[in-house]
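What follows is a short report on a single structure.
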Amino acid sequence: SQPAYCPPDVEQLGRATWTFLHTTAAYYPARPTTQQRANMLNLLHSLPVLYPCSHCASHLGETMRTNPPDVSGRVALSRWLCERHNEVNERLGKDKFDCAKVDERWKDGPPDGSCD
Ligand code: FAD
């Protein structure tokens, strides 16, 4: 792999972006205000326009048209993102992630406390 001072490639950018998005969803309120919902919708709808990998962005735009973001609360948003990420995983021939484990991965860590 490249030295850490190189600009990110598609894989590094993807890992960083998924980390940001899943972590942001993990800390999104259970009962968001109208303003918080609007801000989250703005963030998500910006991705197909601004994400600096054009084929990634256009795929995401297509799947978001079929599956509009669910910003009603933390659990629903985390699941929606997990499903969109799984669509990318599938397209790239990667394993599907078990969306029941999304909090363990991005919020709570494993029950054995190894991430505490
Ligand atoms: P990543 O897929 O980056 O995942 C990081 C970590 O998230 C994993 O190690 C795992 O612990 C966890 N994880 C995996 N799946 C899920 C899930 N469903 N829900 C929650 N957590 C999960 N790359 C391309 O080559 N072509 C594309 O078209 C493309 N489109 C993309 C679109 C978007 C919006 C984004 C953010 C990225 C896209 N990428 C694309 C990059 C790609 O998704 C990966 O980020 C990249 O290939 C690096 O993969 P990785 O195996 O390191 O793990």
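For ligands, and for the atoms within them, numbers begin at 1 and follow the listed sequence. Values below: all heavy atoms of this structure, side chains included; hydrogens, waters and symmetry mates excluded.
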Discussion item. Checking the N or O distance criterion of under 3.5 Å, is ligand 1 in contact with Cys99?
Written reply: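 No, Cys99 has no N/O under 3.5 Å of an N/O on ligand 1.
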Worksheet item: Would you say His59 and ligand 1 have an N/O pair spaced under 3.5 Å apart?
Response: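 Between His59 and ligand 1 (N or O atoms, distance only) the closest approach is not under 3.5 Å.
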Practice prompt. Work out whether the distance between some heavy atom of Val10 and some atom of ligand 1 is less than 4.0 Å.
Written response: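 Val10 counts as a contact of ligand 1 under the 4.0 Å cut-off.
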At what distance, to the nearest 0.5 angstrom, does [atom1] of [X] lie from [atom2] of [Y]?
X	Y	atom1	atom2	result
Cys82	Glu87	SG	CD	10.5 Å
Arg105	Cys115	CZ	SG	8.5 Å
Leu43	Thr24	CG	OG1	7.0 Å

Under-4.0 Å heavy-atom contact with ligand 1, by part of [X] that carries it:
X	result
Leu81	neither
Arg91	side chain
Lys94	side chain

Practice prompt. May I ask you to check whether His59 and Arg91 show a side-chain donor-acceptor distance below 3.5 Å?
Written response: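 Judged by distance alone, the side chains do pair up.
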Worksheet item: Are side-chain N/O atoms of Gln35 and Asn39 paired as donor and acceptor at under 3.5 Å?
Response: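 A pair is found: one side chain offers a donor N or O, the other an acceptor, under 3.5 Å apart.
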Worksheet entry | salt bridge (Lys or Arg N to Asp or Glu O under 4.0 Å) assessment of Asp103 paired with Arg79 | CA-CA 10 Å; Asp103 279 359; Arg79 173 157 291 265; over 6 Å; no
Could you check which of [options] puts a non-hydrogen atom nearest to [atom]?
atom	options	result
atom 45 (O) of ligand 1	Gly61, Gly14, Ser58	Gly14
atom 42 (C) of ligand 1	Thr19, Thr17, Leu92, Leu21	Leu92
atom 6 (C) of ligand 1	Arg105, Arg15, His55	Arg105

Atoms in ligand 1 flagged as close to [X], the criterion being non-hydrogen separation under 4.0 Å:
X	result
His22	19 (N), 20 (C), 21 (N)
Leu60	34 (C)
Cys82	17 (C), 18 (N), 19 (N)

Suppose we measure from [atom] to each protein heavy atom; which comes out shortest, and what is that distance?
atom	answer
atom 15 (N) of ligand 1	Asn89 ND2, 3.0 Å
atom 36 (C) of ligand 1	Trp18 CE2, 3.3 Å
atom 29 (C) of ligand 1	Cys56 SG, 3.1 Å
atom 14 (C) of ligand 1	His85 CE1, 3.5 Å
atom 7 (O) of ligand 1	Trp106 CZ2, 3.2 Å

Worksheet entry | Side-chain ion pair, Glu62 and Arg65, N-O less than 4.0 Å |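 Salt bridge between Glu62 and Arg65, a charged N being under 4.0 Å from a carboxylate O: no.
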Worksheet item: So, Arg37 and Asp70, do they make that salt bridge, N to O below 4.0 Å?
Response: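 Judged by the 4.0 Å cut-off on N to carboxylate O distance, Arg37 and Asp70 do not form a salt bridge.
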Item to complete: Inspect the surroundings of CG in Asp95 and state if more than 12 heavy atoms from other residues, nucleotides or ligands are less than 6.0 Å away.
Response: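 No, because the 6.0 Å sphere around CG of Asp95 holds 12 heavy atoms or fewer from other groups.
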Item to complete: May I ask you to decide if Trp80's main-chain N or O and Glu83's side chain share a donor-acceptor pair within less than 3.5 Å?
Response: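 The answer is no, because no donor-acceptor pair under 3.5 Å joins these two groups.
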Worksheet entry | Val88 side chain near Leu60 side chain, heavy-atom distance below 4.5 Å |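 Val88 vs Leu60: side chains apart.
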